2 protein chains.
Amino acid sequence: MPRAASTQERILIAYEDLLLELGERGATLEAVASRAGVSKGGLLYHFGSKEALSSGLVERLHRLTDEDLVLMMAAPAGPVDYLIRTSIDASSPLDRALIATSRLAQAADARAGEALASIRSQWLAVITEAVGDPATARAIVLVSDGLYFNSAMRGMGTPDPADVSAEGIDSLLTVLDRFSTPSVD
Amino acid sequence: MPRAASTQERILIAYEDLLLELGERGATLEAVASRAGVSKGGLLYHFGSKEALSSGLVERLHRLTDEDLVLMMAAPAGPVDYLIRTSIDASSPLDRALIATSRLAQAADARAGEALASIRSQWLAVITEAVGDPATARAIVLVSDGLYFNSAMRGMGTPDPADVSAEGIDSLLTVLDRFSTPSVD
DNA sequence: TTCACTGTACCGTCCAGCCGGTACAGTGGT
DNA sequence: ACCACTGTACCGGCTGGACGGTACAGTGAA
């Protein structure tokens, strides 16, 4: 049973760090342990194998997603605004866990891929309810996917692909508003 | 040994196959050589190192992209329709090379990341010219990114995340058409 | 024979997982 | 108070295997 923020938490955050910075290949047990300030033996005491470590990350992602869904459904500016803005951020614990898990999914980790698919379908359900039209909702979630994809690229050896400045977000939300309100023809 | 395609081509295609199926980790020199029907020594004769192999993939991607941009700008239904439809396909040589390269980018390969960013900016330029409004163009390219992201997930240990059936594409294009092409007949 | 190319044996490195050990905070019997 | 014992947390060296890369001995065609 995971208690409050402790060694387990530090290890998982270190794992995320290395997945984001170096990819799945660079997130070795020794590197994760070193980043978390423990020895490899200490890491393996808490997570008995690398698979257990990735399972821990996926569980953490599910937990953070459940918390986030509550916030999203209660967002003052609506779920669409909330989803798009948090898709751009990429610095919150959820976003970090999400991108880290997508790295695992790219490395053929079935559990990670299923987790991402599950989260995506939960988002799609909320957005569909918010905007009414399923096709529009899918387009919005696809934009969110695209933003995450670009966030995942940034911070590696890549010049930032999409302009996501403050006014960029607003203009994007304006466009999406046109998506969901077909009053203009 | 039949010589239908050149050995280099066969090796690059085998490399793509393994990147798509197993991720960067699974695309070892021996596995690529075996899939291409040559020995490891044979592979290293053509590509002197693993870095040379990934460089070859990136060059192939640039070549396929240049060819595709010509088709996209000359597409009868317009660049937006062409981009979205080809983003869903994921079975053309370009799409395969694109997703394979994104796997390398996830593994902190700087060259791969730069290539993807470059391709994205080329697409953005064409779409911007086609629809006029930069913000709208960015939203469309983000949808394309999202579709590629979902294509990249499919075919691994993942239930397909986005419904991309034939009528799904049409309804998505209808949503995008709501503002992107003011003069439709 | 030469050349373009193939196949295999091998080397150094890196990594996941294992294992024996350390430190220390209880705890319970005497 | 003392000691024997237990469970938790953590350490670091080791090993077996896989991988990238090298060396070299073929082989078939021109």
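So that the names make sense, note that chain A is the first sequence line, chain B the second, and so on, each numbered from 1. Quick caveat: nothing in here was measured; it's all calculated off a predicted structure.
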Please report the C-alpha distance between A:T136 and A:T128 in whole Å, then the side-chain angles of each, then the deciding distance to 0.1 Å, and finally whether the side chain to side chain contact (heavy atoms under 4.5 Å, CB included) criterion is met. CA-CA 8 Å; A:T136 303; A:T128 301; over 6 Å; no
I'd like to know whether A:Q122 forms a side chain to side chain contact (heavy atoms under 4.5 Å, CB included) with A:D66, so could you lay out the CA-CA distance, the side-chain angles of the two residues, the decisive distance to 0.1 Å, and finally the verdict. CA-CA 10 Å; A:Q122 287 177 280; A:D66 290 344; 4.2 Å; yes
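Rounded to whole angstrom, the span from the CD atom of B:Q8 across to the C1' atom of C:dA4 amounts to 12 Å. Between B:F47 atom CZ and C:dT6 atom C1' there is a gap of 16 Å when expressed in whole angstrom units. If you measure from atom CG of B:L44 to atom C1' of C:dT6, you get 12 Å, rounded to the nearest angstrom. Whole-Å rounding puts the B:I11 CD1 to C:dG7 C1' distance at 14 Å. Taking atom CG on A:L53 and atom C1' on C:dG17, their separation rounds to 13 Å, with Å as the unit. For the pair A:K50 NZ and C:dC15 C1', the interatomic distance rounds to 8 Å; values are reported in whole Å.
The phosphate of D:dA9 (OP1 or OP2) has no side-chain N or O of A:H46 nearer than 4.0 angstrom. At D:dG12, none of the side-chain N or O atoms of A:K40 fall inside 4.0 Å of OP1 or OP2 (strictly under the cut-off). The side chain of A:S49 places no N or O atom within less than 4.0 Å of a non-bridging phosphate oxygen (OP1 or OP2) of C:dA16. Close to D:dC10, at under 4.0 Å from its OP1 or OP2, lies no side-chain N or O of A:Y45.
Ion pairing between B:D133 and B:R138 fails under the 4.0 Å rule for side-chain N and carboxylate O.
With hydrogens and angles left out, the side-chain atoms of B:D95 and B:Y148 include a donor and acceptor closer than 3.5 Å.
Annotation: B:E129, atom CD; neighbour count of heavy atoms from other residues, nucleotides and ligands within 6.0 Å does not exceed 12. For CD of B:Q8, the number of neighbouring non-hydrogen atoms (other residues, nucleotides, ligands) closer than 6.0 Å is greater than 12. Heavy-atom neighbours of A:E67 CD from other residues, nucleotides or ligands within 6.0 Å: above the threshold of 12.
No engagement by A:L43 is indicated, since no non-hydrogen atom pair under 4.0 Å with the nucleic acid exists.
Contacts between residues 25-36 of chain A and DNA chain D, counted as heavy-atom distances below 4.0 Å, involve no residue at all.
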